[in-house]
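In this text the structure is predicted, and so the values were computed from the model without any measurement.
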Amino acid sequence: MEEKTKLLLLSLLFLLAVHGGAGGYVGGGRTTRNGWSNSNTSTLNNAYIALQAWKSAIKDDPKGILNSWVGSNVCDYKGVFCQDSSVTGIDLNHGGLEGILVKELSLLKDITLLHLNSNSFTGTIPDSLKDLFALTELDLSNNQFSGPFPTIILQIPNLVYLDLRFNLFSGPIPDLVFTKNLDAILLNNNNFEGQIPQSLGNSPASVINLANNKLTGDIPISFGYSSSGLKEILFLNNQLSGCIPQGIGMWSDLQVFDASFNSLMGHIPDSISCLEDIEVLNVAHNELSGELPDLVCGLKSLMNLSVAYNFFSGFSQECGKLYGRNVGFDFALNCIPGREMQRPEPECDMIPGGSLSCLRIPSMKSFSCGASFRSSNSPIP
């Protein structure tokens, strides 16, 4: 009964706070005896309402983090960070907390980061979180959130870092994700399914991780044909098919490309030779074929190249020099004559996707990296 009464009181205070009257502190900006203005006091009062409502919704606190969440001085709460008498950050990473997020969190108007990595939060994301106008970093990874992609998050106007990894989200990834001004989009290890939105090519992000989901279809052909600021993209362990888009060469800053454990077919596009900063190139466990060319093995920044478990029929002299450059090079279980640990001959008689027509540029001399092959739009077998 006591807990229900507390929840009812907090709900009433939340309604008052939303309408500007929480705790009797309304506007004015007058300075109180403790040196804080009424507006600052109102802000802290709202934070108290929000954090106490959230505390009441947390069922398990194995590390006793919330034992310090007592009294009105929220800046003394463990995991809560303040600046200029406002709550500007909450970091409860690795807390083991079990519970839900509550709508009252929208009262934290000055919060810029919310880090909840490695807890046991469940349920869905409250719609009220769209009102966190100052929020730039949202880390909800390693929890048990579920339901469709929480599109309400995409209405947070200043968000630049979004981490939803290792949850139970499902359904399609909305187009809007890749049109927002996000620098990091981390959606791996969920149950997202369907095709990757064509808007992927519009993203200004430097890191995109879509690994370990149930995504199907092609890598969008728009991939690479816009901003060149992408440094890492991971498609591994999905159910993707079709070709690696020629546009990959447009990502001049790309350092990590991992599309392993899919069903990609065809040849590696020649435009990969434009990736002068690429360090990790992993296309293992696909159904790629053809000969691995000098254009790939000659990449000057390469540290690890894995093409294992495909159907490549050979590699060039430059590829043979990779070991001398201390580059990790794995070409096991392909169809390369005279090499050890290759597929049995019967498996190499039928190349998957033999009739697949991918967009290819037959000669690197016909274009300059990052420019001319934009205009090449007709598939060449």
Undergrad: Between the side chains of Asp258 and Ser260, does any donor sit under 3.5 Å from an acceptor?
TA: yes
Undergrad: Short question: side chain of Asn46, backbone of Leu44 - any donor-acceptor pair under 3.5 Å?
TA: no
Undergrad: Heavy-atom distance under 4.5 Å between the side chains of Ile153 and Leu159, does that happen here?
TA: yes
Undergrad: Asn237 and Asn212: side-chain donor and acceptor closer than 3.5 Å?
TA: yes
Undergrad: Taking atom CH2 of Trp69 and atom CD of Gln52, what is their separation to the nearest 0.5 Å?
TA: 8.5 Å
Undergrad: Between Asn93 and Asn117, do the side chains contain a donor N or O and an acceptor N or O under 3.5 Å apart?
TA: no
Undergrad: Between atom CG of Leu101 and atom CG of Leu114, what is the distance when rounded to the nearest 0.5 Å?
TA: 7.5 Å
Undergrad: Give a yes or no on whether Val256 and Ile248 share a hydrophobic cluster (residues Ile, Leu, Val, Met, Phe, Trp, Tyr; joining criterion: side-chain heavy atoms under 4.5 Å apart).
TA: no
Undergrad: Give a yes or no on whether the backbone of Phe145 and the side-chain of Asn167 come within a donor-acceptor separation of less than 3.5 Å.
TA: yes
Undergrad: Please check if any side-chain donor atom of Thr179 sits under 3.5 Å from a side-chain acceptor atom of Asn202, or the reverse.
TA: no
Undergrad: Look only at the side chain of Gln342 and the backbone of Glu340, and say whether a donor-acceptor pair between them is shorter than 3.5 Å.
TA: yes
Undergrad: Do the side chains of Leu236 and Asn188 get nearer than 4.5 Å, heavy atoms only?
TA: no
Undergrad: So how far is it from Asn238 CG to Ile219 CD1, rounded to the nearest 0.5 Å?
TA: 9.5 Å
Undergrad: Does His115 have any ring-ring contact (aromatic ring centres under 6.0 Å, His included) partners at least two apart in sequence or in another chain, and if so, which?
TA: none
Undergrad: Using 30° and 60° as the class limits, which term best fits the ring planes of Phe149 and Phe192: parallel, tilted or perpendicular?
TA: tilted
Undergrad: Side-chain heavy atoms under 4.5 angstrom apart, residues restricted to Ile, Leu, Val, Met, Phe, Trp, Tyr: same cluster for Tyr309 and Leu288?
TA: no
Undergrad: Do the rings of Phe315 and Phe329 sit parallel, tilted or perpendicular, given the 30° and 60° boundaries?
TA: perpendicular
Undergrad: Kindly say whether Ile336 contributes a backbone atom to a donor-acceptor pair with the side chain of Asn334 at under 3.5 angstrom?
TA: no
Undergrad: Examine distances only and state if a side-chain atom of Asn190 and a backbone atom of Phe169 form a donor-acceptor pair shorter than 3.5 Å.
TA: yes
Undergrad: Hey, is the main chain of Glu98 close enough, under 3.5 Å, to the side chain of Gln144 for a donor-acceptor pair?
TA: no
Undergrad: Linking I/L/V/M/F/W/Y whenever their side-chain heavy atoms sit closer than 4.5 Å, directly or via other members, would Leu176 and Phe178 fall into one cluster?
TA: yes
Undergrad: State the CD1-NZ distance between Ile208 and Lys231, to the nearest 0.5 angstrom.
TA: 13.0 Å
Undergrad: Do the side chain of Asp91 and the main chain of Leu116 share a donor and acceptor less than 3.5 angstrom apart?
TA: no
Undergrad: Does Leu281 reach the side chain of Val296, with side-chain heavy atoms less than 4.5 Å apart?
TA: yes
Undergrad: Between Arg343 (side chain) and Asn310 (backbone), is there a donor-acceptor pair under 3.5 Å?
TA: yes
Undergrad: Donor-acceptor pair, distance only, cut-off 3.5 Å: does the side chain of Asn143 make one with the backbone of Phe121?
TA: yes
Undergrad: Determine whether Asp131 and Leu107 make a side-chain contact, defined as any pair of heavy atoms from C-beta on separated by less than 4.5 Å.
TA: no
